A.B. asks: 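First the structure, which I've put down as structure tokens, then a few questions once you've had a look.
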Amino acid sequence: MEGETKSMAVAATVATIGEYVGQEVTLKGWIHTKREKGKIAFIVLRDGTGFIQVVLEQDRISPNEWEELREASLESSVIVRGLVKAEPRAPGGYEIQGLFFKAFHVTKDWPLGRKDHGVDFLMDNRHLWIRSRRQSAILRIRHTIETAMIEFLNKNGFYRFDAPIITAAACEGTTTLFEVDYHGDKAYLSQSGQLYAEAGALALGKVYTFGPAFRAEKSKTRRHLLEFWMIEPEAAWFEYEDNIQFQEQFVSYIVNAVLERNADDLKILDRPLEPLMRVKPPFPRITYTEAVELLGKNGFNVHWGDDLGAPEETFLSNYFDKPVFLTHFPAKIKAFYMQPDPENPEVVLAADLLAPEGYGEIIGGSQRIHDYELLRQKIREFGLKEEDYQWYLDLRRYGSVPHSGFGIGLERTVAWICKLEHIREAVPFPRMLHKLTP
RNA sequence: UCCGGAGUAGCUCAAUCGGCAGAGCAGCGGACUGUUAAUCCGUUGGUUGCAGGUUCGAGUCCUGCCUCCGGAGCCA
């Protein structure tokens with residue numbers, strides 16, 4: 001590298017290029033687009049941190065470099081050195097006046113043109129698609145969301161507590177699981193780390209798990225993946241209300257972090273900012289019973305005790321202009337471990353958080369049953385086997401405390417904040433029905 | 001798994017009543033000193049998803065299968 005650039009030029013990145021106006025810098029990246037016009041050529045270079053236009057004039061670089069430039073096609077990896085200029089004619093406001101050009105590797109037959117492509121083709125080329133403006137913007141925002149989630153939890157005294165991926169049995173007993181051969185025994189990929197997080201909360205006070213979760217259902221919708229990432233905070237001594245207020249702070253922190261750190265990326269996505277700027281505590285709340293009533297008034301045929309379907313959830317999500325807590329569900333349609341409401345044991349102290357703009361559920365949370373006998377009774381009522389939950393019941397035998405927690409789906413959060421049409425763009429390599437490669 | 005839709009050039013699509021399979025983009029060759037999906041000229045490119053059937057003749061009609069897309073259920 002040093003031998004190839006003829007002067008001392010700073011190694012810069014696109015994201016921080018504004019700090020180098022008037023200086024010579026070296027950039028390493030890839031050709032995103034190239035336009036040749038006789039003795040002048042424009043390339044848009046991407047380096048992972050952003051995109052910038054580089055202007056190369058034949059008179060300013062050597063004949064060899066000019067020849068390399070002519071041969072370098074889309075997505076060739078290149079090294080350029082040049083002068084940073086503020087340039088209103090260029091997208092982004094800055095431009096590089098090229099003084100040196102080298103193609104490190106010339107790409108032949110790049111499969112993704114600049115024209116429209118179908119989803120199928122793009123998904124088959126996902127490993128290349130992620131280089132695009134839009135996809136890379138989404139993935140940078142995903143990074144901010146993950147980082148902000150962890151930051152917030154750490155600042156609030158939560159310990160990261162990694163749950164196992166391979167587990168012995170169903171956590172909740174309802175969903176279909178991926179089976180793996182565990183040296184002759186049947187084992188399953190985890191659908192949730194929550195039960196382990198509860199053990200962690202009684203050991204460390206406040207913990208969170210962060211890892212992949214697996215659901216083997218043959219889901220085929222815009223909001224489901226077979227493999228997705230989930231953060232599950234769980235805190236001892238947290239009761240229902242503590243849990244809800246914590247979630248408000250948590251979600252607001254994440255949204256604010258994206259607004260502060262990814263302004264350029266949100267612009268690439270054309271994401272309206274007003275709905276995100278409204279995301280501040282407190283969030284509206286509506287009980288399940290009130291929701292059923294509201295839905296009935298709006299033409300939905302739902303009865304108390306029914307699980308709400310996707311169209312109902314979308315309606316509620318659009319009805320409010322902030323994330324909304326849907327609370328106090330009938331015990332029968334929720335998980336066995338949820339704490340019954342002391343004022344009405346037919347419902348549980350649980351809340352789902354629905355993201356606005358039609359996105360629907362991103363969080364499911366509840367206070368957990370801490371009473372040993374009540375939990376045993378619920379396990380029986382739900383038709384589960386007590387012997388499968390021995391260690392989980394132990395948590396109620398040895399120093400039990402009220403505790404609460406929630407799980408937030410990372411991809412659903414990304415899809416909402418980025419305003420994506422489909423969850424498959426919210427993760428680098430989505431795992432969907434019959435989609436295993438790349 | 002169920003309901004609906006679609007498979008034609010590398011990509012996005014067209015092809016009238018069953019009658020010679022086409023265009024744009026990409027690629028390749030050339031021109032151009034301010035392009036923004038550059039433009040202009042020339043040019044390459046086909047087992048019409050697979051198997052069978054009807055017909056003088058099938059991309060088009062019939063039967064079966066495969067793949068994908070959208071939605072439902074399940075849920076984060």
Side-chain angles (χ1 to χ4, degrees), chain A residues 32-44 51-60 66 70-71 73-75 85 87-92 95 97 107-125 128-129 132-133 171-172 174-177 190-194 209-232 306-314 333-335 352-355 359-365 406-416 421-424 426-427 432-435:
Chain A
H32 186 246
T33 61
K34 182 167 97 166
R35 288 176 287 273
E36 288 176 273
K37 197 178 191 311
K39 293 175 180 168
I40 184 167
F42 303 88
I43 63 177
V44 173
F51 298 79
I52 193 165
Q53 175 158 281
V54 181
V55 185
L56 290 140
E57 292 167 61
Q58 192 170 9
D59 298 345
R60 289 175 184 266
W66 184 253
R70 287 182 58 92
E71 282 172 17
S73 49
L74 298 190
E75 286 304 324
K85 295 165 66 178
E87 173 55 73
R89 285 175 294 184
E95 185 175 84
Q97 178 84 60
T107 289
K108 295 287 183 205
D109 303 319
W110 174 248
L112 273 50
R114 272 161 286 166
K115 280 272 188 157
D116 294 342
H117 294 290
V119 182
D120 191 25
F121 178 77
L122 290 169
M123 285 309 310
D124 283 343
N125 288 284
L128 306 176
W129 186 24
S132 71
R133 258 194 157 85
C171 275
E172 306 181 13
T174 49
T175 48
T176 322
L177 303 178
S190 174
Q191 58 156 327
S192 162
Q194 184 206 309
T209 70
F210 184 25
F214 306 87
R215 306 279 164 94
E217 277 103 6
K218 298 194 171 177
S219 298
K220 207 170 144 40
T221 77
R222 66 180 64 189
R223 50 176 68 153
H224 288 88
L225 293 168
L226 304 193
E227 174 186 290
F228 63 97
W229 287 70
M230 184 155 64
I231 285 205
E232 293 174 285
D306 293 346
D307 219 341
L308 301 183
E312 289 81 12
E313 196 180 294
T314 303
I333 61 169
K334 285 290 182 182
D352 286 354
L353 183 68
L354 310 188
Y359 280 88
E361 184 178 359
I362 56 170
I363 287 180
F406 62 97
I408 179 164
L410 177 61
E411 286 78 11
R412 284 191 180 174
T413 306
V414 173
W416 160 51
E421 300 222 330
H422 201 295
I423 197 167
R424 66 186 155 218
V427 56
M432 301 182 296
L433 200 55
H434 305 131
K435 173 53 86 179

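All figures in this text were calculated on a predicted structure; none of them were measured in a lab. Chain letters run A, B, ... following the sequence lines, proteins first and then strands; every chain starts at 1.
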A.B. asks: Where are the stems of RNA chain B, defined as at least 3 consecutive Watson-Crick or wobble G-U pairs with both distances under 3.5 Å?
C.D. replies: B:1-7 with B:66-72, B:10-13 with B:22-25, B:27-31 with B:39-43, B:49-53 with B:61-65
A.B. asks: A/Arg35 side chain: which of B/U1, B/C74, B/U35 is closest?
C.D. replies: B/U35
A.B. asks: Round to the nearest Å and state the distance from A/Leu308 atom CG to B/G73 atom C1'.
C.D. replies: 14 Å
A.B. asks: Measure distances between side-chain N and O atoms of A/Arg223 and base N and O atoms of B/C74, and say whether any donor-acceptor pair falls under 3.5 Å.
C.D. replies: no
A.B. asks: Step by step, would you call A/Tyr359 with A/Arg223 a side chain to side chain contact (heavy atoms under 4.5 Å, CB included)?
C.D. replies: CA-CA 8 Å; A/Tyr359 280 88; A/Arg223 50 176 68 153; over 6 Å; no
A.B. asks: Looking at the angle O4'-C1'-N9-C4 for a purine or O4'-C1'-N1-C2 for a pyrimidine, is B/C69 syn or anti, with syn meaning within 90° of 0?
C.D. replies: anti
A.B. asks: Answer yes when A/Asp307 and A/Lys334 have at least one side-chain N-carboxylate O distance shorter than 4.0 Å, and no when they do not.
C.D. replies: no
A.B. asks: Report yes if a donor N or O on one partner sits less than 3.5 Å from an acceptor N or O on the other, where the partners are the side chain of A/Glu36 and the base of B/U35; otherwise report no.
C.D. replies: no
A.B. asks: State which of B/C11, B/A76, B/A72 makes the closest approach to the side chain of A/His117.
C.D. replies: B/C11
A.B. asks: Expressed in angstrom and rounded to an integer, what is the separation of A/Asp120 atom CG from B/U67 atom C1'?
C.D. replies: 8 Å
A.B. asks: Look at the side chain of A/Glu57 against the base of B/G34 and say whether a donor-acceptor pair falls under 3.5 Å; ignore hydrogens and angles.
C.D. replies: no
A.B. asks: Under 3.5 Å, is there any donor-acceptor pair linking the side chain of A/Ser219 to the base of B/C74?
C.D. replies: yes
A.B. asks: Over all strands shown, is A/Arg133 touching base, sugar-phosphate only, or nothing at heavy-atom distances under 4.0 angstrom?
C.D. replies: nothing
